[in-house]
Amino acid sequence: MDGTKEVGLRNVSSTCSISEMDDFDLSRLLDKPRLNIERQRSFDERSLSELSIGLTRGGLDYCEITYSPGGRSGLDTPVSSARNSFEPHPMVADAWEALRRSIVYFRGQPVGTIAAIDHASEEVLNYDQVFVRDFVPSALAFLMNGEPEIVKNFLLKTLHLQGWEKRIDRFKLGEGVMPASFKVLHDPVRKTDTLMADFGESAIGRVAPVDSGFWWIILLRAYTKSTGDLSLAETPECQKGMRLILTLCLSEGFDTFPTLLCADGCSMIDRRMGIYGYPIEIQALFFMALRCALSMLKHDTEGKECIERIAKRLHALSYHIRSYFWLDFQQLNDIYRYKTEEYSHTAVNKFNVIPDSIPDWVFDFMPTRGGYFIGNISPARMDFRWFALGNCVAILSSLATPEQSMAIMDLIESRWEELVGEMPLKIAYPAIESHDWRIVTGCDPKNTRWSYHNGGSWPVLLWLLTAACIKTGRPQIARRAIDLAETRLLKDSWPEYYDGKLGKFIGKQARKYQTWSIAGYLVAKMMLEDPSHLGMISLEEDKQMKPVIKRSSSWTC
Ligand code: GLC
């Protein structure tokens, strides 16, 4: 990890030498008319090596795909489509309008976007709040459009909220916990604005959001990378905020694994879905946040100590996840033949997984070419379900090796009907039904099979899929998914999620005008249009963390 430490954010520069990039023609990758590509902002001479894994210069994370935003756009005019040499899809303008309508102001300053503006919905619940995770695609859209101010305000406001004392009943939460969401209360009489935050003490199920702090760090890097403004990340407040978040995760205890032990419902899937333990979504975000923090923490006394702990953890974490969470045909076959009750360090079946616990569907689902990180692993328990967010973030953070990233994309292609269907992208596959559903979800009527978190299809995931596609050099997969979304999203008023095996139906309890469905679409469009945006949300492979296993047939063919 030492190499990475040297390459701090100080090296962020829009002068990153174009000559470092090889001569692969991007227009082939994008399969668009060359003329259009050449008009795009300084990207014409950039190469595939900047975008796709496996062809990169090791460790030079901070030199790839930086750019200076083209300045603020005219009111309501997305820079991206104004700059665009080909006709933007009519949905784009609508999406921008809807996104701007969702902006929340605190004392006159934009500080975030509301989760949903669905006037038709009877119960508001907490959809009138600014969720940290929901704001990420909004933030990326604004950054890509050269409007960093709202992102900076959001980062500072949530940092301020982190400083609040957090209690649930008589129990105090860790100092570093970031809110799941916050709300601005306007008092029209006194003409004052006040903030109200939820750290889990009001949330359905009373779970603290483990993902919020990770998204906050990831967003701080995206802001820094996109604007070239190092001053925000370097403030003592941001440095402390990062250290506090990570202190929550890096403490030593009874853990025998480097992964992070979590309660059910502590992330995007924010209610009981059997993802307690070591869910891939959190592990991938944890890994990415550690890498982002490593690039932004100062090497002062407090920072140094944190940096050392991060480096050690990253090393162990990548080994653990790449080895034990990975599943492909070969690995499945190995588990199928596992012996059990092995004792001592020579054990092959380290977690004592009983082959009989492998669900039938996996054997049909697993293609001969392709693979993915499974949902969870702990003693005698492997959750074989596919989770889209964790796998996409694993690609973006380079937690997945180049071979694993390719295999994940292969899987998406070969299991298109199951994972994408008619609306991208299934949050988890397959759904849990009948008796399992009763036991695992606690009879949750919102999470019935193929609905909501239980195998529902979430348009917001489109931006993550698109980013992963660009990174692996397979933008045609993203284009196919975006085409699908464009047939429905606007017409259906930007639903939160779709239901059904193929994602054909607007979700039973889905909100309309769900902001992250809108922003996710815009981010996907802008990234495809200008793949240099990928740099703010992607990290190149760190050659110090070499893959340790090579067991997949899909890695070699
Ligand atoms: C739902 C989702 C959660 C999201 C929130 C606001 O609770 O499960 O992931 O953050 O709505 O949109």
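Every number for a ligand or one of its atoms is a count from 1 in the order of the listing.
A salt bridge (charged side-chain N to carboxylate O under 4.0 Å, His left out) check over residues 166-179, counting only residues at least two apart or in different chains, returns the pairs Glu165-Arg167.
Among protein residues, Ala115, Tyr127, Phe131, Arg133, Asp134, Met268, Asp270, Tyr452, His453, Glu496, Gln514, Trp516 come within 4.0 Å of ligand 1, judged on heavy atoms.
Comment: Asp444 does not engage Lys446 in a salt bridge, judged by the lack of any side-chain N to carboxylate O separation of less than 4.0 angstrom.
Every residue two or more places apart in sequence or in another chain that forms a ring pair (Phe, Tyr, Trp, His ring centres under 6.0 Å) with Phe373 is listed here: Trp326. Qualifying side-chain hydrogen bond (donor to acceptor under 3.5 Å, both in side chains) partners for Asp264, counting only residues two or more places apart in sequence or in other chains: none.
Ring planes of Trp458 and Tyr497: parallel class, angle under 30° (limits at 30 and 60°). By the 30° and 60° cut-offs, the orientation of the rings of Phe199 relative to Trp164 is tilted.
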